[in-house]
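Worksheet: one structure, shown below.
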Amino acid sequence: MSINLSSLNKQQQDAVTYCDTPLLVIAGAGTGKTKVIIHKIAYLIEELQIDPKNILSVTFTNKAAKEMKLRLNAIIGNKAEQVWMGTFHSICLRILRKEAHNLPLKKGFGIIDQDDRLSALKNIVKELNIDHKKYPPKQYLWMISNFKNSMDYVENKDPDDFIHKFTDVFTAYQKYLEFTNMMDFDDMIAYTVRILLTNDSLRKFYQNIFQYILVDEYQDTNYIQFMFLKLLNGDTGKICVVGDDDQSIYGWRGAEIRNILDFDKHFKNVKTIKLTVNYRSTPDILFAANTLIANNNFRKGKELTTAFGKEQESLLKNGTGNIAIGECHDEIHEAKMVVDNIEDLLKENVAPNEIAVLYRTNAQSRSFEVELNKRNIPYKVIGGVSFYSRREIKDILAYLKLIDNPYDVDALKRAAKNPPKGIGNVIIQKIIDYASSNAVDLLEALNATQNFSKGKTARCLQSFENTLNNIMGEEKIADKIKAILKSTGYNTYLKQFEEQNEAAKRINNIEELINAAAIFDENSSDYDLSDFLATTTLTTSADEETEKSVSLMTLHSAKGLEFHSVFLTGLEEGLFPLFRAMENEMELEEERRLCYVGITRAKKKLFFTYTNTRMVYGKRQFSSPSMFVEEIKHCIPSSESDNEVSQNTSELKANTKVFHQKYGDGIILNVKGNGEKAKVDVFFREAGLKKMLAESLEIL
DNA sequence: CGCACGAGAATTTTT
DNA sequence: TTCTCGTGCG
C-alpha cells in the first residue's frame, strides 16, 4: 500500500518524505503540522516499512495523542494502535514501569500530583521550623522542580543551597517520596534519562526500539526532554521535530526555546523545512497576527512567517471585516458584550463548540460564566480545577491509591478522614509510625494498630479495614468505586454536609469517574489499577471533551485548538500582558506570543475586548488598553487606516518612506520577495537598521 | 474527634 | 472575592 500525499502542498510533502537526517519543521500556526506528522508516520510505516511499534511520537497533551491516533487510524487502520504515542510523561512512565527494578522505588510505585506535592512540602517546611511566610512552600516546590529538571539531578548530584535550607527541604522531600513509594512529574522524566544515561545496554535496547522519533510542539520542550530525545536517538538521525518559535509560551516553566533555535547545533546534518501556508484564518486575522508578532525581536525567523497562498486567494476578496474591538466599562459589561455576540453567532448557526472565550488568568472566567448561565447557553470551563483534583474525586481516589500503593501516606490520611469515621490525626500518626518502625506497609500497620486499640477506636479502625477489604474484593475498578461509595456512605455524607446543588454536582462527578473507570475496565483486560491511577494524574481537564458547549479557557489551554470564532478578552495593561512580564523583554515577548497564539486560534471571526475598570481581589481598579491592542489597531476596519496597508505593501520599493508601530519613521533599504511576505530591511530614524516583514509597515 | 468560626493570605500560565 | 489554615469548643 502506498500513501497518497496529493492533499499536501509541496512544503508538507517535503516534510513527510524527508527521512535521511534530523529534520526540523518550522510550522506556523494553522499550516497543517498535525497533518504532516500523521502522514509522515504513515509514510514511515507504509513506504519505508518501519514497524509501527518502532515509532515514537511525542505530543504535548494526551488529547493531542488521542486525536492523532484517531486520524492515523483513518489512514493506515489499526496498525496505528501500535505506535508509541503520548506525552513525554506518559511515555517515560511506560518505560519506567518496565524498568522499575532500576529505580529507587518499589515496584507498584504511585505518582504524586501537584497538589499533594505542595502539601507534602508544607508539612516539611513546618517540621523544619522554617518560616512559611518568609519562605513559602511554593517556592520550594518550584526550586525542586527546577533542580529535578537539571542534569545535576539526573546525574544524582546533591543540590546547592539555592535558598534557605533548600538542601534540608529537598532531602526531606525525597525521603518522603521514597517512604510513600511515589514519584513526581519531574522524576518521571529525570529517572528515565538517568537510566538511559547510565545503563548502556538499556539505552541500546531502547535506541533499537525507537527507529524513528517524531516530536510535536518542540518549542515547548525543556533541556531534560531534549536529553531524553538525544539519548534515544543516538546518532541515527532518525528524528523529526515540529514546532513554531512564535508559539513558545511555556518559558516560565522551563521550556527551552533554544531547543528549537539551536536544533541544527544539537544534531548533525539538520534539514530545515518551513511550513508557511496558513489554512486556518481569514487573511485579515492572519494579518493581525503577523503584525503583532512582528514586534518581537527574539524570533528564529524574522524571515519566517505564516502566509496565505493561492489556496486562499478567494478568501482575500471577502477576507476583511472579521475583526472587532470592544471597549467595555467593566468586566460585567465585557461579559454582556461577549455573550451578546455569542448569541448572534449561535443564531447564525455557528456551532457552540466552534466558539471560544479566551483570557489570561483563570479568575477571569467568572463573569462570563455568570452571564452565560443567565442566558442558558451551555458552556464548559476548560482548565481551572481539573476534574481529578476535585475534592470528591480525590477522596474516592484516595481509597484506590491506598490499596494500590499501601505506602501512600497521604492516601491513608485522606481515606481515613473522608468521610469522617472516628479516625483522627493521632491514630493515623500511630499507624504511620508503626509502619516505619516495623518496616511494613500501611495496611499491615493499620491491622496491627487495630489489634492494639480498644473500645471505639478499635471499632472505627475495624470498620475502615472492612471498607478497604470490600474494595479489594472487587475486581473491576468501577466496582471498586461503587464499593467505596456503598461501604462509606459517601453520597449520604455529601448530602449531609454540602448544599443541595453542590452535593448533586459532586455526586454527578463521581458518576463520571465511575464511567471513566468502566471504560478503562473495558479496554484493559487485567483491571490494572496502577495504570488507571496514572491516567488520572496525567490527565488534566484540557483533555476533557467539549461537546456542544461554548469553551471558556486560558490562552495557554487554547494552544493547538481552533475555533470559528474567538473572543480575546481582558486586553489591558497589567493583565495581558501581566505587570510582572512588562519589565522584562523576554517575558513581554512571551506574552506577545501568547496573544499571537490566541489570535491564530480564530478561523473566521475574532473579537478583542478590554475594560476601563476591573475588580481585582475585591477591589475595583482602573485599567487601560493593552499595548497589544495598540499594536494591531490599524489591522481593524473600524480604525481609519483600515487594511489598505496590506494592499500597499505590494508597492514597496527601496527608498520608500515608511512608518512602523514600534520603531516609528524609517526608510526602506531593500526588498526581498513580494506581497505580504516580502522581507524588507528598513533604516529607522530612531531605532536604526531592522529586518522585518513588509506587512508590518505603513507607507507614508 | 470533628465541627464552626475567624483571621489572613493569595491570585499566571500546567505536563 | 474566595479559599486555606489554625484555633477553640462541644
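Order of the sequence lines fixes the chain letters, A, B, ..., with proteins taken first and strands second; residue numbering starts at 1 for each chain.
Here dT15(B) is the nucleotide among dT14(B), dT2(C), dT15(B) with the atom lying nearest to any side-chain atom of T87(A). Of the candidates dC1(B), dT14(B), dC3(B), dC3(B) carries the atom nearest the P420(A) side chain, counting heavy atoms from C-beta on. Of all nucleotides listed (dG2(B), dT15(B), dT12(B)), dT12(B) comes nearest to the side chain of L578(A).
To the nearest angstrom, P of dT15(B) lies 12 Å from CD1 of I189(A). We find that NZ of K122(A) is positioned 9 Å from P of dG6(C), with the value rounded to whole Å. A straight line from CZ of R614(A) to C1' of dT11(B) spans 14 Å, rounded to a whole angstrom. Atom P of nucleotide dT13(B) and atom CH2 of W142(A) are separated by 16 Å, given to the nearest angstrom. Put simply, CD1 on I249(A) is 13 Å from P on dT13(B), counting in whole angstrom units. In this entry the distance linking CD of E572(A) with C1' of dT12(B) reads 15 Å, nearest Å. Atom CG of L118(A) is separated from atom C1' of dA10(B) by 13 Å (rounded to the nearest Å). One can place CD of Q364(A) at 21 Å from P of dA10(B), the figure rounded to the nearest angstrom.
As judged by a 4.0 angstrom heavy-atom cut-off over every strand, Y250(A) is placed among residues touching the sugar-phosphate backbone only.
The pair D244(A)-K33(A) does not meet the salt-bridge criterion, since no charged nitrogen lies less than 4.0 angstrom from a carboxylate oxygen. Under the 4.0 Å criterion applied to side-chain N and carboxylate O atoms, K401(A) and D408(A) are not assigned as salt-bridge partners. The existence of a salt bridge linking D186(A) and R117(A) is confirmed by a sub-4.0 Å separation between a basic side-chain nitrogen and an acidic carboxylate oxygen. Under the 4.0 Å criterion applied to side-chain N and carboxylate O atoms, D116(A) and R414(A) are not assigned as salt-bridge partners.
In the interface, the side chain of R360(A) is paired with the base of dT13(B) through a donor and an acceptor atom under 3.5 Å apart. With hydrogens and angles ignored, a donor-acceptor pair under 3.5 angstrom links the side chain of Q114(A) to the base of dT15(B).
Taking for each of Y617(A) and A416(A) the nucleotide of DNA chain B with the nearest heavy atom, the 5'-most of the two is the partner of A416(A). Taking for each of R117(A) and I423(A) the nucleotide of DNA chain B with the nearest heavy atom, the 5'-most of the two is the partner of I423(A).
Considering only side-chain N and O atoms, K138(A) lies under 4.0 angstrom from the phosphate OP1 or OP2 of dT11(B). Under 4.0 angstrom from either OP1 or OP2 of dT11(B) there lies no side-chain N or O belonging to N362(A). At the phosphate of dT14(B), OP1 or OP2 sits under 4.0 Å from a side-chain N or O atom of T554(A).
Remark: the separation of the C1' atoms in dT12(B) and dC5(C) is 23 Å, to the nearest Å.
The ring of W252(A) has its center closer than 6.0 angstrom to the ring center of Y250(A).
For dT13(B), the base is stacked against the aromatic ring of W252(A), per a cut-off of 5.5 Å between centres and 30° between planes.
Counting heavy-atom neighbours within 6.0 Å of R620(A) CZ, excluding the residue itself, gives a total above 12.
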